[in-house]
Participant: 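I'd like to ask you about the structure that follows.
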Protein chains: 4
Amino acid sequence: MASVNKVILIGHLGKDPEVRHLEGGTIVANFTMATNEYYKDKQGTRIERTEWHNIAAWRGLAELAEKHLHKGQQVYVEGRIRTRQYQDKDNQTRYVTEIVAEEISLLGSRPGTAAQPAATAVAEEPVTFRQEPELDQLPF
Amino acid sequence: MASVNKVILIGHLGKDPEVRHLEGGTIVANFTMATNEYYKDKQGTRIERTEWHNIAAWRGLAELAEKHLHKGQQVYVEGRIRTRQYQDKDNQTRYVTEIVAEEISLLGSRPGTAAQPAATAVAEEPVTFRQEPELDQLPF
Amino acid sequence: MASVNKVILIGHLGKDPEVRHLEGGTIVANFTMATNEYYKDKQGTRIERTEWHNIAAWRGLAELAEKHLHKGQQVYVEGRIRTRQYQDKDNQTRYVTEIVAEEISLLGSRPGTAAQPAATAVAEEPVTFRQEPELDQLPF
Amino acid sequence: MASVNKVILIGHLGKDPEVRHLEGGTIVANFTMATNEYYKDKQGTRIERTEWHNIAAWRGLAELAEKHLHKGQQVYVEGRIRTRQYQDKDNQTRYVTEIVAEEISLLGSRPGTAAQPAATAVAEEPVTFRQEPELDQLPF
DNA sequence: TTTT
DNA sequence: TTTT
């Protein structure tokens with residue numbers, strides 16, 4: 001039956017992506033990104049809350065994550081929610097929720113360094129990547 | 001820092017919402033909704049995968065969920081991702097990810113019954129509800 | 001440079017789609033869909049405003065629109081905004097804004113008839129369609 | 001009837017916002033922002049197409065646009081599509097489509113100047129603003 | 001663990 | 001009229 005499962009995130013990477021090459025040649029990149037909420041509590045104090053998201057990028061997006069993404073960078077990620085279950089060391093069922101990326105865009109400019117100031121460090125390459133539909137995830 | 005944490009879901013409720021009245025008068029409704037993905041595996045077999053999402057609706061949205069939502073109903077939910085941690089009975093840290101609803105819309109018409117066919121069973125009431133910003137979650 | 005142009009609509013079709021076969025074999029379907037806003041004016045009177053959107057569906061999505069979409073049906077459309085300009089009969093430049101569909105999902109069940117009640121009239125076919133990336137619109 | 005009319009844009013401002021104070025004290029800011037698409041034509045040549053969007057920000061968002069937005073800046077805009085009609089000088093009905101902003105976030109860092117390099121020119125203030133629901137546009 |  |  002028709003349904004929609006869509007996530008849109010803009011935030012900064014907490015770490016460089018970790019890239020794994022699976023048996024069979026498939027590549028997957030995992031990284032975390034932070035989004036922040038601001039609100040006032042009942043006393044009127046300004047509170048900041050950070051939400052950490054687990055992102056999984058497959059195949060083409062994984063290669064691009066490996067090449068172009070790094071800690072601290074601001075990105076746009078569009079994808080879908082997926083909760084996986086696994087058995088922990090005590091053989092209990094545990095759940096982890098992650099975002100499977102379908103599109104990633106690099107935002108802002110890269111932080112400058114002494115040798116290469118921000119104004120000139122901006123990527124020349126196109127910076128939006130979309131996951132091509134792969135055989136094992138084509139909509140039926 | 002500017003960030004975006006947005007989720008858009010269309011799916012069907014797995015159960016009637018569970019509504020709790022917290023100390024202090026706050027109301028929260030929890031329900032699950034399913035989204036489905038279809039893909040073909042490497043053998044070309046059609047696979048269906050169901051994803052279950054935990055939805056939390058607060059205050060005004062909780063009241064409306066209690067009044068208008070029921071098992072099996074198709075809904076549009078817009079919200080944000082939140083992962084909470086808690087201690088399980090063995091005092092281990094566990095995580096649960098849920099969607100905090102910010103807007104809920106009722107989709108489709110209600111299933112008809114013998115006494116009241118579908119064509120006339122459509123809700124008369126407005127069927128989109130948006131969460132009013134509350135004191136403790138106003139953007140700063 | 002990285003950018004995002006995304007539209008998400010849920011509404012009902014104003015008419016059956018109009019399908020055209022262009023020279024070269026490309027197919028395009030055009031239809032309108034309505035979304036509604038409700039608000040109260042300064043006197044507290046409830047106002048309803050209908051917004052009409054022009055949707056263009058190309059190639060695979062056009063075929064599916066032709067086969068599955070009809071006047072009055074509730075649909076989810078995801079796409080991007082495109083404004084085209086053209087010369088009117090007085091040779092003046094005019095603009096028309098439309099939504100180029102990238103994903104279409106059928107929502108709700110079909111209205112029941114005496115012969116075939118709503119409960120059994122639900123489409124058996126898959127009801128979400130995604131546009132495959134075509135040669136002339138592949139992200140670079 | 002329940003419907004959704006949602007637009008998500010990330011792009012750069014083409015000009016500084018134009019701010020008008022209407023009779024009655026209402027403030028509105030108008031600006032344009034560009035999004036870009038890249039594709040290859042049938043000869044394999046890389047084509048860039050720029051889409052220009054007309055954004056209208058009302059009340060609180062207008063003030064914030066006036067204060068924080070300027071030509072060239074990268075922004076996230078969430079809003080809804082609205083097509084207005086008007087009579088042109090020849091008394092013919094014309095249409096213009098714009099995006100009514102509901103949320104605006106500043107992305108990236110501000111372009112540096114000689115006196116104040118990019119690395120230190122980043123805004124200190126919170127940079128996401130949401131439109132508070134106003135009397136005349138409250139969901140009913 | 002990000003960013004301001 | 002933006003950005004790379």
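Convention: sequence-line order gives letters A, B, ...; per-chain numbering from 1. Because the structure is a prediction, the values reported are computed rather than measured.
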Participant: Ignoring hydrogens and angles, tell me if any N or O in the side chain of C:Ser3 forms a donor-acceptor pair with the backbone of D:Asn36 under 3.5 Å.
Facilitator: yes

Participant: Quick one: which of F:dT2, F:dT3, E:dT1 gets closest to the side chain of A:Lys15?
Facilitator: E:dT1

Participant: Rounding to a whole Å, what distance do you find between A:Glu48:CD and E:dT4:P?
Facilitator: 11 Å

Participant: Base, sugar-phosphate alone, or nothing: which one does A:Gly72 contact when heavy atoms must sit under 4.0 Å apart?
Facilitator: sugar-phosphate

Participant: The side chain of D:Ala34 is closest to which nucleotide in this list: F:dT2, F:dT1, E:dT2?
Facilitator: F:dT2

Participant: Please walk me through it: do D:Asp16 and D:Lys71 pass salt bridge (charged side-chain N to carboxylate O under 4.0 Å, His left out)?
Facilitator: CA-CA 5 Å; D:Asp16 288 344; D:Lys71 177 178 174 172; over 6 Å; no

Participant: Regarding E:dT2, can its base be found pairing with the side chain of A:Thr50 as donor and acceptor, where the two atoms are less than 3.5 Å apart?
Facilitator: yes

Participant: Between the side chain of B:Asn5 and the main-chain N/O of B:Ile81, is any donor-acceptor distance below 3.5 Å?
Facilitator: yes

Participant: What nucleotide, of E:dT4, F:dT3, E:dT2, holds the atom closest to the side chain of D:Asn36?
Facilitator: F:dT3

Participant: Rounded to whole angstroms, how far apart are OH on A:Tyr38 and P on E:dT3?
Facilitator: 12 Å

Participant: Go through the steps to decide whether A:His53 and A:Thr32 satisfy the test side chain to side chain contact (heavy atoms under 4.5 Å, CB included), and finish with yes or no.
Facilitator: CA-CA 5 Å; A:His53 308 270; A:Thr32 55; over 6 Å; no

Participant: If I take atom NE2 in residue D:His53 and atom P in nucleotide F:dT2, what distance separates them, rounded to the nearest angstrom?
Facilitator: 15 Å

Participant: In whole angstroms, how far is the P atom of E:dT2 from the CG atom of B:Asn5?
Facilitator: 18 Å

Participant: Figure out the OH/C1' separation between A:Tyr76 and E:dT2, and round it to whole Å.
Facilitator: 20 Å

Participant: I want to verify a distance call: between F:dT1, F:dT2, E:dT2, whose nearest atom is closest to the A:Trp52 side chain?
Facilitator: E:dT2

Participant: When we call it a touch if two heavy atoms are under 4.0 Å apart, what does D:Thr35 touch: a base, just sugar-phosphate, or nothing?
Facilitator: nothing

